[in-house]
Amino acid sequence: MNQTDSDYSSVVVMTNVSRSFDDVKSSRAVLDNVDFKACSGNLVAITGPSGSGKSTFLHLLGGIDIPDHGRILVKDTDMTCLNETGRTLFRRKNIGLVFQFFNLIPTLNVIENLRLPLELCSLKSDDSVIFPLLERFDLEQQAYSYPDRLSGGEQQRVAVIRSAIHKPSLILADEPTGNLDDAQGHVVLDLIRQVSNDGTCVIMATHSASASEYADRHYKITNGKLHEATQI
Amino acid sequence: MASSTKPHKFEGHDGASGLLLKIFLREQKKSPGPILLTLLSVTIGVAAIVGVDITSHSALSEFERANKLNSGLATHQIVGDVRGLDENIYTKIKLDGRFPNAAPIVQTEVTVNSGERSWQLLGIDPLSDYRIRESGLLGDGYMQQIEKAWPIHVPDTKMWPIGSTLRIQYGNRQVDFIVAGEILNERDQPDTDADGFLVTDIMWAQAFLKRLGLLTRIDLRLNSETDARQLQSILPNSVRLIDLQTRHTAQRDMTRAFRTNLTALGYLTLLVSMFLIYNSTVFQIARRRGMLSQLRAIGYTHHEITRILGTELSIIALTGVSIGVCLGYLLSSLMLALVTDTINILYFDLAQSSVRLPIETILKSVGMGFLGTAIAGVVPIREAGRIAVKSLSIRSFEEDKALTLSRKIIPIGICCFVMGALLIIFSEQSLAIAFAGLFLLVLGPAACTPWLIHQICQVLAPLVGNTLGLVAKLAIVNIRSHLSRTGISVIALSLAVSASLGVTLMIDSFRYSVDNWIHHYMRSDLYVVSTMPDEPYFSDLFRSQMEVLEGVESAGYSTRISIQTKFGLHNLLAMDISASSFRGFMIQTPSEVDLWKQFNQSRTVLVTEAFANRHAISVGDQISLPTTQGDIPFEVIGIYLDYSSEHGLLATSWANFNRYFPNSGPTTVSVVLEPGIIPSDIKQRIKNIEDAPEQLLIRSNRELREQILYIFDQTFEITELLRWLTLLVAITGMIFSLVALQLERSSLNAKFKAVGFSRAQLTLQIIFETSITGFLAGLIAIPLGLMLCMCLIDVINVRSFGWTMMTRIDPVFIFATAGISTLSASAAGIYPAMRMWRTPITTGLRDE
């Protein structure tokens with residue numbers, strides 16, 4: 001399970017990144033001169049107390065937010081030098097996102113939700129691509145169901161497949177099991193592990209200790225600093 | 001780690017639009033409310049513009065059509081007094097030889113086969129008429145029909161086949177004419193513009209009307225002003241030569257103010273609609289914020305989001321414009337009837353025309369519909385495209401932004417207000433610019449409404465909390481915190497309600513002024529006129545018998561003639577009345593001076609305020625009038641208030657009239673009865689007077705006053721229709737906004753229920769919240785409506801019609817304004833409250 005940097009090339013390199021937010025009276029540094037690196041096939045867990053900056057860390061990596069200073073390279077592309085449209089187009093092809101609240105498009109069924117990133121990237125998106133995945137992750141019965149007909153665990157599994165279906169280099173998962181019970185959570189984490197094993201770099205923000213056990217590397221954010229907690 | 005970085009601009013490609021379109025279409029199917037409001041707003045806005053435009057255009061076309069058939073290529077007309085023109089004048093002109101292009105005309109209004117519709121019976125001389133009208137009217141075949149008795153040509157022989165009988169009625173007279181053919185155009189084809197006309201030989205027209213030897217007029221084609229002067233020199237003083245170009249322009253100008261007023265109301269409806277388009281677009285985006293965030297997270301660019309939202313709005317606009325054009329077309333049928341009636345009452349006789357849908361109206365309304373939708377939708381759509389993924393799940397972000405926006409809009413509102421005031425002040429006589437100024441004047445303060453409501457609620461919340469309890473306080477807090485959703489509806493409602501209040505107060509003030517004027521002006525008990533056009537005058541014998549009629553205290557006499565002054569064609573009112581009746585005149589300038597003595601002096605006239613304002617006439621000025629002794633200057637001794645004619649009137653004494661103008665006798669008698677005499681008792685006695693005209697119309701003071709006010713009310717029916725249309729749009733928008741907002745909060749209501757709030761408490765909170773929102777919008781609209789009323793009375797009316805009026809602020813209308821606003825908003829709370837009752841707590845909580 002464990003891979004080293006030498007085995008895979010770096011997908012993410014974060015150098016000296018800071019991000020602060022204006023509070024009512026002062027400015028609060030959420031991330032302070034953070035350095036970070038992750039490679040293909042890595043599954044990295046980021047933990048920390050509420051408000052510590054886990055989501056901000058993922059937003060910066062996903063190009064959803066930009067740092068006050070520092071450099072973020074994703075697949076050798078400096079995200080801080082791209083404009084909004086550039087970051088969006090880069091994210092479309094290279095980054096998958098998984099949220100706590102599943103965030104499937106409610107008016108599209110499972111197949112259509114999965115087809116969305118493929119069509120966006122002009123990739124083959126017919127049933128021959130999608131059904132094998134649904135079968136692999138035991139979701140073929142739900143292929144034509146709409147999200148409101150799925151359980152939380154099923155929705156999150158579809159969301160994880162959607163984030164990975166177009167084979168991005170990086171998947172960012174923000175509390176992917178935060179809304180699930182233990183059993184469902186483990187199913188989703190198994191899926192994430194499999195995606196990572198397929199060679200995708202997955203960075204996951206979580207509160208859950210059991211979730212972080214799935215990771216190859218475990219980082220903790222405290223007082224704006226990122227510390228490597230454990231090398232699994 | 002790679003040391004090199006890629007170029008700054010990432011070269012990507014646009015993503016799938018098929019699935020995106022599917023997402024949006026399914027969204028709309030799931031919750032069609034906002035899209036229906038947008039559609040309704042575009043539809044009503046466009047319908048109002050189309051309706052007003054078609055109505056205005058059709059009325060003008062009817063005017064041109066009637067002129068084309070009436071006057072043809074004629075440049076001038078010779079007319080006599082109300083009785084007509086001696087046929088010998090035509091003979092004299094023909095014998096003179098210098099004016100070959102002349103044609104005698106006999107024309108009157110008749111009814112056919114006992115129907116209600118009025119037709120113009122035109123008696124022409126086919127041998128000379130071709131020189132005037134492009135069309136041959138009766139065609140070459142006429143000569144073959146000359147031996148037929150009572151022949152008549154009709155616009156459509158499908159309706160009345162050749163050889164069929166038409167019973168033509170005029171007063172008590174009726175004759176069966178035989179249809180001889182169709183009215184033809186210049187290509188000898190049936191004239192499609194001839195609807196409303198019946199044409200016969202002049203001889204038959206004279207025989208039918210018993211006006212042998214008399215003409216209605218002579219139409220002429222003169223080549224130059226020199227010709228006109230030469231012709232004038234051979235005409236007797238009792239007849240007038242009228243320049244038709246001047247008259248047509250004057251008639252067209254007369255209706256311009258009226259049409260501009262209508263157009264302004266039409267555009268107001270569009271403006272209110274634009275607010276609602278904006279509002280419903282914001283709603284749609286707010287409702288789909290979560291979905292948009294996901295799409296942005298997946299990788300859709302803001303261009304793609306903007307494009308699809310823009311496409312969606314364009315489809316709505318296209319649908320709305322199409323329905324709006326059709327609805328406007330239907331609406332115009334109703335409006336045209338009202339407008340034609342109003343033009344007939346106020347300006348000149350116009351037949352009920354058919355509705356025409358000109359291509360320029362379609363292009364204009366399509367353009368305005370799309371432009372309005374684009375202007376209203378561009379900001380929210382741009383904002384939607386720029387939504388940052390991370391901010392999408394934060395609700396307070398939007399409310400904060402709305403509050404910031406409501407603050408930012410205040411300087412813009414103040415600028416609009418100042419600019420509006422400046423436009424009104426410096427627009428001089430331009431009505432269109434004055435209306436634009438008026439829009440800005442009201443729009444500016446209306447734009448500040450959300451901020452004002454926020455401030456009011458901030459003050460109210462603790463007060464209400466302390467006095468009415470937590471439920472009421474929550475309602476006030478909710479109003480404040482949902483301004484991003486309700487703010488624009490509140491502006492639209494304030495705008496529509498203030499416009500409605502302003503227009504209502506103006507009409508009420510106008511009505512009050514007219515009523516007051518009638519009260520002053522009409523001091524007699526009975527008013528007598530002849531209804532026989534060929535016998536309009538009261539003889540001296542009638543007058544002498546009237547003086548001694550039992551029960552009659554005194555009688556006054558008057559008549560009106562048209563005179564051509566350097567300002568155009570105007571009516572001159574000549575009066576033979578007592579000093580006490582004269583004091584019924586509401587003299588504006590000079591004030592508090594008795595002009596009775598001066599009025600009876602030689603060469604003096606009074607002019608109406610409308611005349612004075614339109615032509616910048618002051619007391620002491622001289623106006624040259626065409627008299628039987630040539631052009632003679634008359635001194636203006638006073639300016640008086642008169643609402644009977646917006647293009648102005650001159651008044652002179654009977655002595656002056658006798659001396660300087662062709663006097664055939666009075667046409668109106670006003671009778672003051674002795675105390676205790678009942679008007680109805682004396683009517684028959686007047687009819688029995690020897691030498692009284694055959695048919696008399698005798699109306700009591702009350703009857704005439706009621707009729708004038710009835711006509712007044714009729715002329716404002718079209719304004720009322722548009723006013724209600726605007727209100728309807730705004731109220732619908734307000735109700736929709738509040739319903740949608742409340743429905744969105746079903747999960748919050750479920751939480752309240754979960755913690756122990758009763759249904760009654762929650763219902764009270766919902767209704768209280770919506771009612772207070774409506775009440776505040778209405779409250780803010782009141783000063784705006786008052787301001788609008790002042791501007792309409794003191795600026796727009798003076799420029800449109802030339803007259804001033806008293807301002808009357810009836811508190812009933814003010815209460816009604818606040819009431820309409822509050823009630824419509826209260827109604828908006830009913831459905832969400834009912835839904836809240838039915839929704840189980842668990843469902844409400846799950847919705848979150």
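In what follows, chains carry the letters A, B, and so on, assigned in the order in which the sequence lines appear, proteins first and then strands, with residues in each chain numbered from 1.
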Once you round to the nearest 0.5 Å, how far does NE2 of B/His303 lie from CG of A/Leu89?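 Separation between the atoms: 8.5 Å.
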Spacing of CG belonging to B/Leu295 relative to CG belonging to A/Leu116, to within rounding of 0.5 Å: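 Between atom CG of B/Leu295 and atom CG of A/Leu116 there are 6.5 Å.
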4.5 Å side-chain heavy-atom contact, [X] and [Y]:
| X | Y | result |
| --- | --- | --- |
| B/His302 | A/Thr88 | no |
| B/Thr301 | A/Arg92 | yes |
| A/Leu120 | B/Tyr300 | yes |

Identify which part of A/Leu118 has an atom lying under 4.5 Å from any heavy atom of chain B, answering side chain, backbone, both or neither.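 Neither part; nothing is under 4.5 Å.
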A/Asp174 versus chain B, heavy atoms under 4.5 Å apart: side chain, backbone, both or neither?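 Answer is neither: A/Asp174 stays 4.5 Å or more from chain B.
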Among residues at least two apart in sequence or on other chains, which ones pass salt bridge (charged side-chain N to carboxylate O under 4.0 Å, His left out) with A/Arg115?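 A/Arg115: salt bridge (charged side-chain N to carboxylate O under 4.0 Å, His left out) contacts with A/Asp127.
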I'd like to know if the side chain of A/Arg91 and the backbone of B/Arg296 have a donor-acceptor N/O pair within less than 3.5 Å.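 Pair found, side chain donor or acceptor close to backbone of B/Arg296.
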